[in-house]
Structure formats: C-alpha cells, structure tokens
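A short write-up of the structure that comes next.
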Amino acid sequence: MKMEDWTEGDWEAARAYVQKNSQTLTDGSGCRGWKLSLNDGYGTAHFAGVHLAHRFSLALKLGRSIPMGMQARHVWWCPNRHCVEESHLEEGTQKQNEGDKELAGKTVKGEKSHLTKYSDEKIQEVLELAKTETAEEVARKTGLSCGYVYELKRHGGRPNMKNKKKLQATENENRAGAKRKQRSRLSDEDVREIRRRLAQDSPPTKKSLAKLFNADASTITKISTRKSYAHVMDDEESQRVHDKQKTEEYIEETKERLQTFVTKEVRDVKQKEPCWTFNGGLISNRYGQFAYNGKPMGAHVVSWAIYKNDGKLPPKGMVIRHMCLKNPACSQPAHLELGDHAANGKDKITQGTVQREDSHYRSVIDQKMREQIENMLKSGKQLVDVALKTGLTYRTVRSAVMRWEKDRTKTHVVSVEAETE
Ligand SMILES: [Zn+2]
Ligand SMILES: [Zn+2]
C-alpha cells in the first residue's frame with residue numbers, strides 16, 4: 001500500500017517501528033543508529049515493503065513519500081550512513097548529495113578520513129582478538145558493531161583496503177585448485193586408451209603417458225594395477241549394460257528402503273491413492289529427509305526421481321510439488337509433480353499453507369527461546385548481547401528478529417486493508 005493511502009494508524013505504526021529499531025548513539029554525534037541490518041552502511045527497514053531506513057525515516061518526517069529522482073541525504077556533519085535521526089536528514093538532488101560528500105570528505109579512505117571512527121591500531125587489535133574469539137565477544141570487548149567485526153575478519157582489514165598480496169595468493173590457490181580438478185577427471189575413453197597403450201609390447205613410460213593425458217604418474221600406475229578407475233570396463237557396450245544394471249538395482253533398493261520409512265494413510269476422502277507420510281527425520285519439520293546416492297535429500301524429491309524419472313533428480317531450478325493438501329511429508333509418487341518455483345508458490349497460497357523456504361534459524365530457535373529473545377530486546381538489550389546470552393551467532397539472531405519483524409508488519413498491513421473495506 002502506498003504511503004498516500006495510509007491511515008493515521010499506519011503513520012503511527014511506521015514511526016513506532018523506526019523508533020523501536022533505532023537508538024541514540026553514544027559517540028557524541030547525536031545520531032540515531034539503525035539496529036537492524038545494514039546494506040553498504042545504510043539501514044534496511046522492512047515495513048510494508050523494503051526501504052532504506054534513512055529514506056523511510058525522512059518520508060515519515062515529511063509526511064509523504066519521496067519522489068523518484070530525489071534523494072534522502074544526511075546533512076554533511078552527520079557521520080553515520082545508518083543514522084535515521086530526522087533532524088539529520090534532508091531531501092535533495094544527487095548533485096547536492098555529491099557536494100555534501102566532498103564537504104564531509106567522505107571520499108577520503110582509511111584513517112585519514114575524519115569519518116573513520118577507529119584507528120588502524122584499533123583495527124589491528126580487533127583482528128588479533130578475532131583470531132581466538134567469536135565475533136560476538138570481540139564486538140563486546142572493543143565496542144565495534146558485530147557486523148563490522150565480521151567484515152574486518154572477512155577482508156582481513158578495512159573492507160575497502162584490499163590487501164593485494166592476499167588477493168594474489170587466493171587467486172593462485174584457485175588456479176592450482178582448478179588444475180588439480182582438471183587432472184582428477186579422466187574420461188572413460190582416456191582410461192581405456194591408457195590401458196591399451198600400457199598393454200603394448202613396448203609400452204610408453206608412465207611419465208610420458210601422464211604428460212600426454214594431463215594426469216599424475218601415480219594415477220597412471222593405479223590405472224595399470226586397476227586400483228583406480230576400476231569401474232571403467234574394457235569395452236563400451238558392456239560398460240553401458242553394467243551402468244544401467246547398477247542404476248536399476250539402486251533404484252529398486254531405494255524403493256524398498258523408502259517403503260520402510262512411510263506410513264500409508266488416507267488424508268482426504270477424494271484421494272485415489274493414500275499419502276505416504278514420511279515417518280523418519282524431517283527437514284525443517286516438513287519434508288522427509290532421505291539419503292540418495294549418499295546425499296541427504298527431500299524424500300519427496302527422491303520418490304519422484306525413482307518412481308517417475310528413471311532415478312534422475314529434477315533439473316536445476318525445478319521443484320517437486322505436492323498435489324495433496326498440507327502434507328509436505330508425503331512421498332506418494334502419484335501426489336508429486338514437477339514444477340517451477342512460481343507454480344509452487346501459487347499452490348501453497350491456494351492451499352492456504354503459505355510457508356516460507358527453510359530459514360536456518362527456525363531449526364534452532366523454538367517458541368520459548370523466541371519469547372526469551374523478544375523480552376531481552378524489549379528490555380533494551382542489543383542483538384549482540386542476545387547472541388552472547390543464548391549462544392547463538394549474531395547473524396542467526398539478527399535474521400530471526402528481522403523475519404519476525406517482517407511477519408508483524410505484514411499482518412499489520414493485512415489488518416489495515418480489512419478495516420478499510
Ligand atoms: Zn546522524
Ligand atoms: Zn499425499
């Protein structure tokens with residue numbers, strides 16, 4: 001819903017949202033810092049959509065939305081991009097904004113900029129601590145934000161000071177890795193050719209073969225002793241038959257194994273076939289978790305593959321949809337269909353079971369812990385304190401809180417629409 005259509009209640013709720021998720025900083029700037037996630041230093045607000053927090057705050061101050069082409073800018077003496085203090089915000093054009101940046105010296109990097117809050121020594125201290133302690137603990141000890149500590153750790157210093165040597169080193173490593181990878185794969189045909197050459201009356205040296213086939217000499221030795229690539233048959237036809245048999249056997253085995261994990265039950269009188277509800281471990285309390293070719297997968301995905309697709313998994317970007325109501329643990333092949341994400345989303349809405357994709361926090365934070373966390377936040381505790389207290393990572397707590405906030409604003413908008421009808 002557009003701001004123009006907001007009721008007085010919406011405006012109030014929005015102001016309360018900004019108030020609640022920001023706090024006055026103690027660095028003497030008079031700024032109100034954003035407490036939720038940041039993007040490139042700017043706060044992100046989730047209220048009736050996604051907004052830049054400072055732009056949103058300015059719109060609330062002005063009592064109207066900011067037209068396209070206009071920018072929300074911080075007054076030049078405000079040093080924090082994530083500041084949402086109304087008196088630090090102005091509407092302006094891009095040109096004015098650039099003028100501001102020059103005035104404030106925002107283009108000066110590193111310690112020289114008077115906006116850099118922390119000295120190089122402080123950064124070093126943080127990096128030292130971070131070697132042995134968690135980001136949450138380091139943040140508490142040094143007074144830096146947890147997000148910044150993560151950034152420092154990730155970049156090995158200030159994010160915009162790219163350490164050339166380090167970059168070069170990783171690049172070299174990647175290249176070496178790519179080379180190794182290249183070497184590790186010989187085609188079946190290559191392996192057969194190597195065997196043929198080794199079987200000649202006067203075989204070439206292993207070293208020369210290694211060079212020729214871009215492999216290690218030890219690999220050639222292992223091929224000759226059949227310690228490696230033993231699965232490659234000497235002729236292609238028998239290879240094909242062998243592979244097919246193996247796949248078929250594995251599919252049959254998997255079908256049998258799946259049967260031991262499902263309970264057949266009629267969930268809906270209209271069903272021709274009963275649901276096969278998975279009774280083993282579930283993923284996110286919803287889908288059955290089942291191993292296939294040594295990898296954990298959704299039981300419904302495996303079921304579709306082995307019963308309806310010759311054992312092949314669905315192509316990338318496609319999902320397996322449930323045709324039965326509200327039973328994601330079902331792996332009855334007749335209830336499963338291949339579809340894309342968009343169709344899957346529609347299904348869920350029409351079935352009235354809107355559920356979001358797996359979010360990692362759901363599996364760690366239960367209702368009781370959620371209440372505990374919300375109470376801590378209400379009493380003014382910061383995310384990093386919550387993280388330390390609960391033993392969760394800062395990121396987990398942050399994404400959980402953001403998701404809850406998003407849920408709340410969504411319900412809010414829905415209820416407003418219901419009232420105005
Ligand atoms: Zn400010
Ligand atoms: Zn079913």
Side-chain angles (χ1 to χ4, degrees), residues 18-19 21-36 38 40-45 52-61 71-92 97 100-101 103-106 113-117 145 255 258-259 261-280 282-283 285-288 290 298-308 319-339 344 347-348 350-353 355:
V18 171
Q19 195 67 20
N21 293 307
S22 59
Q23 63 186 11
T24 306
L25 300 181
T26 51
D27 60 1
S29 58
C31 289
R32 274 192 80 80
W34 191 244
K35 289 202 281 189
L36 302 182
L38 303 185
D40 193 22
Y42 295 106
T44 313
L52 281 168
H54 70 290
R55 192 178 169 94
F56 191 54
S57 174
L58 177 63
L60 294 178
K61 170 187 170 184
Q71 292 192 331
R73 57 202 191 104
H74 290 102
V75 291
W76 70 269
W77 40 267
C78 166
N80 292 301
R81 282 181 166 185
H82 65 286
C83 169
V84 294
E85 167 59 41
E86 288 186 348
S87 60
H88 290 191
L89 294 165
E90 281 175 6
E91 196 177 30
N97 211 6
D100 281 355
K101 272 185 198 161
L103 260 180
K106 278 189 193 180
S113 161
H114 73 267
L115 294 164
T116 306
K117 269 165 85 183
S145 80
K255 281 181 184 172
L258 182 65
Q259 290 300 322
F261 277 104
V262 300
T263 312
K264 300 189 177 173
E265 52 173 358
V266 178
R267 308 264 296 203
D268 182 340
V269 281
K270 280 177 261 161
Q271 280 176 355
K272 272 193 215 139
E273 300 89 358
C275 276
W276 294 359
T277 306
F278 198 79
N279 54 31
L282 298 182
I283 305 172
N285 272 328
R286 295 163 65 209
Y287 302 112
F290 193 70
H300 60 303
V301 178
V302 177
S303 175
W304 179 85
I306 57 178
Y307 282 99
K308 296 176 108 172
V319 291
I320 300 304
R321 301 154 62 195
H322 281 94
M323 297 297 114
C324 49
L325 284 172
K326 296 178 186 174
N327 192 10
C330 173
S331 52
Q332 160 67 262
H335 297 176
L336 300 172
E337 247 175 49
L338 184 68
N344 204 29
D347 282 354
K348 283 177 183 169
T350 47
Q351 291 179 3
T353 56
Q355 275 169 325

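As the structure lists them, so they are numbered: ligands from 1, and atoms in each ligand from 1.
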### Query
What heavy-atom pair brings Leu258 and Ala299 nearest, and what distance separates the two atoms?
CD1-CB, 4.4 Å
### Query
In His88, the N, O or S atom nearest to the Zn ion (ligand 1) is which?
ND1
#### Entry: Where His88 and Cys83 come nearest, the two heavy atoms and their spacing
ND1-SG, 3.5 Å
### From CA spacing to verdict: ring-ring contact (aromatic ring centres under 6.0 Å, His included), Tyr307, Trp276
CA-CA 13 Å; Tyr307 282 99; Trp276 294 359; 5.6 Å; yes
### Message
How close do Ala72 and Arg55 get, counting heavy atoms only, and between which atoms?
### Response
CB-CA, 3.6 Å
### Task
Kindly give the atom name of the N, O or S atom of His335 closest to the Zn ion (ligand 2).
ND1
### Task
Calculate the angle formed at the Zn ion (ligand 1) by SG in Cys78 and SG in Cys83; 10° precision is enough.
110°
### Query
Between the Zn ion (ligand 2) and His322, is there an N, O or S atom separated by less than 2.8 Å?
no
